[in-house]
Amino acid sequence: MCGIVGIVAHSSVNQTIYDALTVLQHRGQDAAGIVTVDAEAFRLRKANGLVKDVFESKHMLRLQGNVGIGHVRYPTAGSSSSSEAQPFYVNSPFGITLAHNGNLTNAHELSDSMAKMRRHINTNSDSELLLNVLAHEIQQMPGYQLDAEQVFSAVSQLHKKVRGAYACVALVVGQGMVAFRDPNGIRPLVLGKRQSDNGQEFMVASESVALDAVGFEYIRDVAPGEAIYVDVEGHLFTKQCAEQPLLSPCIFEFVYFARPDSTIDGISVYASRVNMGRKLGAKIAREWEDHDIDVVIPIPETSCDIALQIANELDLPYRQGFVKNRYVGRTFIMPGQAERKKSVRRKLNAIGQEFKGKNVLLVDDSVVRGTTSQQIIEMARESGARKVYFASAAPEIRFPNVYGIDMPSPQELIAYGRDVEEVCSLIKADGLIYQDLEDLVAAVSEENPTVNRFDTSVFNGEYVTQDVDQGYLDQLTASRSDDAKAQRDSEQSSNLEIHNVCHP
């Protein structure tokens, strides 16, 4: 999962992109990057780390220009190496740089195709592949200047060749900014505008909250398959570039990833989470009719709105039993199981008086690997809880995600091949209850009934791109499991050490 930003303005955009990326920091904490265009030359800064650490004053001073894009990343495909930080760049045609959120399901096929076209791919990132496909299609356009129809033709050809999830923004030197979304609209992308003294300015971003933070007005979501083109003069062009687009947003955006103050595809993330709490609360009341729960406690922060609504449904007290250290990243998107384990107790600390002698219901947005859940339940018991029940606002996660969320290996998912009782035993809870998938879909679609299809593949194994088979999943497991990533990062570190020895 990543966050992207793109702006075409009439004044310097470096600070605006920086501010927008800080608002999208929850979407990726591994690396950050900004590219601007100044005098028809790219100015680039990208590195591993948080936005505030990657960009110092000296970098911001160099990032001049009225057009730019930005990216925050956490690794799914590829590795956490800084060589795979985005945006990526190719020098032909014109000079193009691109930032991508998502994951391509036919990356190997595209890699072979690019090799035959003699386009060199320097990393294992599917985002670099996507950039090269776009560059190849733009290169087929005649003339020395791009017009909107040529851009849309290039994106149309890209849609025919690329499969998977992709919300992208790209800059073409001397031409303008291009943004587009895959034909299923799996990953979010919004369009905004702002009026300046010199005319209208345009912005695209992964979430509407990024527009709010920098004073842009939300216009609408980019439609699945649609392309947005803003030329260097600030003129906006849009066109549907896919033959059969069908909006199927990832439901996990609403469960976990997106900020509650964002709106995605006309759906308030906050309101959808309140609905999740209402429906899960009703299920608890129905299936645990004789429960002995004393208090409802959320695992901050995503589940707070959900837990409050559950408490209302059950007519129980709602308490904040954990204090979150806001300077520790989100454990689910930390690379490596060992790092996730170490970070849980650094991130959360229990308030003992809320647990001592009580039967508590802990509420979380989901249970993925189970590591965090088990440790938090242990913390509750250490704080004096008599019984610890656990509620998940999402159903059992039993299948890998192939669209840009780091759930690659079924064996790393605690619910894979296990029933609820077995998972309950593993996380050492006194009771475990999951949201039903039908209720989750209803909770989200209730806010915008026109969206009636979601990607729910992690729950039911039904992949909306219809190109995922067991062979692909096996390949994904081999390349993207925690063990595979650790080995790849180790090899890259060794190569770097050799390089430094040979080239002091």
Under a 4.5 Å cut-off applied to non-hydrogen side-chain atoms, are [X] and [Y] in contact?
{"X": "Asp221", "Y": "Leu191", "answer": "no"}
{"X": "Arg43", "Y": "Val37", "answer": "no"}
{"X": "Gln200", "Y": "His10", "answer": "no"}
{"X": "Ser248", "Y": "Phe454", "answer": "no"}
{"X": "Val451", "Y": "Leu247", "answer": "yes"}
{"X": "Leu413", "Y": "Gln411", "answer": "no"}
{"X": "Val190", "Y": "Tyr218", "answer": "yes"}
{"X": "Leu440", "Y": "Phe459", "answer": "yes"}

Taking atom types as modelled and ignoring hydrogens, do the side chains of [X] and [Y] form a donor-acceptor contact shorter than 3.5 angstrom?
{"X": "Ser92", "Y": "Gln139", "answer": "yes"}
{"X": "Glu128", "Y": "Thr123", "answer": "yes"}
{"X": "Thr450", "Y": "Asn448", "answer": "yes"}

Evaluate the salt bridge (Lys or Arg N to Asp or Glu O under 4.0 Å) criterion for residues Glu109 and Lys161: first the C-alpha distance (whole Å), next the side-chain angles of each, then the deciding distance (0.1 Å), finally the verdict.
CA-CA 9 Å; Glu109 175 187 322; Lys161 296 178 178 179; over 6 Å; no

Could you report the tightest heavy-atom contact between [X] and [Y], atom names first, then the distance?
{"X": "Ser127", "Y": "Leu98", "answer": "O-CD2, 3.9 Å"}
{"X": "Arg27", "Y": "Tyr74", "answer": "O-CD2, 3.9 Å"}
{"X": "Leu146", "Y": "Tyr229", "answer": "O-OH, 4.0 Å"}
{"X": "Ser457", "Y": "Phe399", "answer": "O-CB, 3.3 Å"}
{"X": "Leu104", "Y": "Asp126", "answer": "N-OD2, 2.8 Å"}
{"X": "Val367", "Y": "Ser392", "answer": "N-OG, 3.8 Å"}

What I want to find out is whether Arg163 reaches Asp467 closely enough, with some N-O distance under 4.0 Å, to be called a salt bridge.
yes

So, the side chain of [X] versus the backbone of [Y]: is there a donor-acceptor pair under 3.5 Å, distance only?
{"X": "Glu201", "Y": "Ile7", "answer": "no"}
{"X": "Gln150", "Y": "Pro142", "answer": "yes"}
{"X": "Asn401", "Y": "Gly404", "answer": "yes"}
{"X": "His71", "Y": "His100", "answer": "yes"}
{"X": "His159", "Y": "Ser156", "answer": "no"}
{"X": "Gln140", "Y": "His136", "answer": "yes"}
{"X": "Asp231", "Y": "Gly176", "answer": "no"}
{"X": "Ser445", "Y": "Val441", "answer": "yes"}
{"X": "Asn103", "Y": "Val402", "answer": "yes"}
{"X": "Asn101", "Y": "Cys2", "answer": "yes"}

Applying side chain to side chain contact (heavy atoms under 4.5 Å, CB included), run through Val72 and Gln29 and close with a yes or a no.
CA-CA 7 Å; Val72 289; Gln29 299 157 6; over 6 Å; no

Using atom types as modelled, flag every donor-acceptor pair under 3.5 Å from a side chain in residues 177-187 to any protein atom, sequence neighbours excluded.
residue, atom, partner, partner atom, Å
Arg181, NE, Arg187, O, 2.7
Arg181, NH1, Val222, O, 2.7
Arg181, NH1, Asp265, OD1, 3.0
Arg181, NH2, Gly185, O, 2.9
Arg181, NH2, Arg187, O, 3.4
Arg181, NH2, Asp265, OD1, 3.4
Arg181, NH2, Asp265, OD2, 2.9
Asp182, OD1, Asn184, N, 2.7
Asp182, OD1, Gly185, N, 2.9
Asp182, OD2, Tyr166, N, 3.0
Asp182, OD2, Ile186, N, 3.4
Arg187, NE, Tyr403, O, 3.0
Arg187, NH1, Glu253, OE2, 3.2
Arg187, NH2, Tyr403, O, 3.2

Quick check on [X]: does its [atom1] atom have over 12 non-hydrogen neighbours (other residues, nucleotides or ligands) under 6.0 Å away?
{"X": "Phe94", "atom1": "CZ", "answer": "yes"}
{"X": "His108", "atom1": "NE2", "answer": "no"}
{"X": "Gln470", "atom1": "CD", "answer": "yes"}

Does Lys46 make a cation-pi contact with Phe55, if we ask for NZ or CZ under 6.0 Å from the ring centre and within 45° of the axis?
no

Checking Arg273 against Asp365 for the side chain to side chain contact (heavy atoms under 4.5 Å, CB included) test, could you report, in this order, the C-alpha distance in whole Å, the side-chain angles of both residues, the deciding distance, and whether it holds?
CA-CA 9 Å; Arg273 289 177 184 166; Asp365 49 74; over 6 Å; no

Leu130 vs Val162, side chain to side chain contact (heavy atoms under 4.5 Å, CB included): CA-CA, chis, key distance, verdict:
CA-CA 8 Å; Leu130 187 59; Val162 174; 3.9 Å; yes

Pair Phe42 and Tyr89, ring centroids less than 6.0 Å apart
yes

In sequence, state the C-alpha distance, the side-chain angles, and the governing distance for Arg220 and Glu226, and then conclude on salt bridge (Lys or Arg N to Asp or Glu O under 4.0 Å).
CA-CA 12 Å; Arg220 61 179 175 83; Glu226 184 182 21; 2.7 Å; yes

Return the CD1 to CE distance between Ile17 and Met203, rounded to the nearest 0.5 Å.
8.0 Å

d(Met276 CE, Ile251 CD1) to nearest 0.5 Å is 6.5 Å

Starting from the C-alpha separation in whole Å, work towards a yes-or-no answer on side-chain hydrogen bond (donor to acceptor under 3.5 Å, both in side chains) for Glu447 and Asn275.
CA-CA 9 Å; Glu447 297 307 308; Asn275 294 341; 2.8 Å; yes

side-chain hydrogen bond (donor to acceptor under 3.5 Å, both in side chains) between Glu207 and His26: does it pass, once the steps are laid out?
CA-CA 11 Å; Glu207 295 183 33; His26 61 285; 2.8 Å; yes

Step by step, would you call Val13 with Thr36 a side chain to side chain contact (heavy atoms under 4.5 Å, CB included)?
CA-CA 8 Å; Val13 296; Thr36 59; 4.1 Å; yes

Check the orientation of Tyr256 and Phe252. Use parallel for under 30°, tilted for 30 to 60°, and perpendicular for over 60°.
tilted

